[in-house]
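Take a look at the structure set out below.
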Amino acid sequence: MKQKLLSLALGTAICATSYAQEIKFQEYDLANGMHVILHQDNTAPVVTTSVMYHVGSKDENPERTGFAHFFEHLLFEGTENIGRGEWFKIVSSNGGSNNANTTADRTYYYEVFPSNKVELGLWMESERLMHPIINEIGVETQNEVVKEEKRQRVDNAPYGGLSYGTAIQPHLFTKHPYRWSVIGSMDHLDAATLEEFQEFNKKFYVPNNAVLVVAGDINIEQTQKMIKDYFGPIPEGAAIVRNHPKEDPITQEITATEYDSNIQIPALALSYRTPSMKDKDAYVLNMISTYLSDGKTSKLYKKMVDENKTALQVFAFNRSQEDYSMYNIFALPLGDVPLSKLETEIDEEIKKLQTSLISDNDYTKLQNKMENDFVNSNASISGVANSLARYYMLYGDTNLINSEIEIYRNISKEDIKRVANKYLNKNQRVRIEYLPKSTQEEK
């Protein structure tokens, strides 16, 4: 048994080492503006075909929020050559799996097939782009699906307003379209006409607004030919012009109270508007969130959950986005501890970051954690495909899949102190008391 465990450990280490090595890829543009990235890895007979579209909730009409996420569902309805309801059957019957997801900045679709089905994946994604059927029955069907998703994940889920941002974003943003959540408004979807959905598709689902990634057990030349055959004939769309309004700096703490009928324990949310994911300071903030709350030895968890026993849970994270990011700290009190006590303890740890350098030991642990996370993010073909698409589309640098770790390695203890002072100040944040609905009714 020990020998088997040792062999497994060595195999895992070898796998991690191999993925830490340079990930090779080729990229080029089709005549219609579609960007193509190919990554060949013949170690397993699997291929991921994915398309990322540069459209998210920030691209919506303020009176028609939820469109980008709605399309994530709608474009599985069928095409001129794929019957309604047949998409998932085709994928599963050919030994594959598929999914899609939407953020404020992009929408991502992918299929994972045995490598002998690479052409099937390319055909299906070209069908989604070239021949989608957007009609009343599809819109009505997916409208109900999206409403049910919102009920399950936001309306009826404990702390759903924090998880999906509906309780935070309208306070943190007043001008930029990040002020509404990805899930959007059901009233807006109900009010939309079929023509509006068709126009949204015509505007954003065009090859020059997309990146196609094929990664895995492929033959490069054969794959390039298939891509040209399936995607080359798709006409280029009109250029998309984005001119989102800029936010004024927050100079005084914004306080708000939100209520949730699904909770019994209140929560404290401290949210800061932070820079674009492309800014070096966004990477520093990622490190700060890891330092504060990632794992049981992190500063906030150890202090508030283990030692002082004031918090049931606490965590900090930087939600990186294309235009602005959001740095959030959430805490749930233990017993009758007031939210103000949690706030004081959180602010104490932030103050330490602002006034002194972290220890050499903490810095080393932090660097090791960032490197481990970086390697794990590309430890599968699907992960590699996602990273290639994301780095190209949102960062403008596909090779970050290899070089991003150098950004973290070059972040100093002084950078951490500087960034904490620049962004994590009380007068730059939104403070939200997230309370049980019953407390509102008692007032």
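We number each residue from 1, following the sequence as shown. Here the structure is a predicted model, which is why all the values come from computation and not from measurement.
A donor atom on one side chain and an acceptor atom on the other are found under 3.5 Å apart for E119 and Y230. Judged by distance alone, the side chains of R273 and Y324 never bring a donor and an acceptor atom under 3.5 Å apart. When only modelled atom types and interatomic distance are considered, E60 and H188 share no side-chain donor-acceptor pair under 3.5 Å. Residues D323 and H176 have side chains that bring a donor and an acceptor to within less than 3.5 angstrom of each other.
The side chain to side chain contact (heavy atoms under 4.5 Å, CB included) search around K117 returns N94, F113, P114, L120, not counting sequence neighbours. Residues passing the salt bridge (Lys or Arg N to Asp or Glu O under 4.0 Å) test with E404, sequence neighbours excluded: none. In this structure Y392 satisfies the ring-ring contact (aromatic ring centres under 6.0 Å, His included) test together with H35, sequence neighbours excluded. The side-chain hydrogen bond (donor to acceptor under 3.5 Å, both in side chains) check on Y434 picks up D260, with sequence neighbours excluded. By the side-chain hydrogen bond (donor to acceptor under 3.5 Å, both in side chains) test, E199 pairs with no residue at all, sequence neighbours left out. Evaluation of the ring-ring contact (aromatic ring centres under 6.0 Å, His included) rule for Y164 yields no partner, not counting sequence neighbours. Listed by chain and number, the residues in a salt bridge (Lys or Arg N to Asp or Glu O under 4.0 Å) with E433 are R431 (sequence neighbours excluded). For L312, the side chain to side chain contact (heavy atoms under 4.5 Å, CB included) partners are I265, L332, L334, not counting sequence neighbours. Applying the ring-ring contact (aromatic ring centres under 6.0 Å, His included) test to H54 and every residue at least two apart in sequence or in another chain returns nothing. For the side-chain hydrogen bond (donor to acceptor under 3.5 Å, both in side chains) test, no residue two or more places apart in sequence or in another chain qualifies with Y110. Remark: Y423 pairs with no residue by the ring-ring contact (aromatic ring centres under 6.0 Å, His included) rule, at least two apart or across chains. In this structure N98 satisfies the side chain to side chain contact (heavy atoms under 4.5 Å, CB included) test together with F76, W87, F88, V91, E111, sequence neighbours excluded.
Checked against the 6.0 Å centroid threshold, F71 and F204 do not count as a close aromatic pair. The aromatic ring centroids of Y408 and Y283 lie less than 6.0 Å from each other.
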Run the side-chain hydrogen bond (donor to acceptor under 3.5 Å, both in side chains) check on N81 and E127 step by step: do they pass? CA-CA 7 Å; N81 297 300; E127 274 292 301; 3.0 Å; yes
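Between D281 and R418, at least one side-chain nitrogen of the basic residue sits less than 4.0 Å from a carboxylate oxygen of the acidic one, meeting the salt-bridge criterion. With respect to D41 and K24, no salt bridge is recorded, no charged nitrogen being found less than 4.0 Å from a carboxylate O.
Relative orientation of the H69 and H73 rings is perpendicular, given thresholds of 30° and 60° on the angle between their planes.
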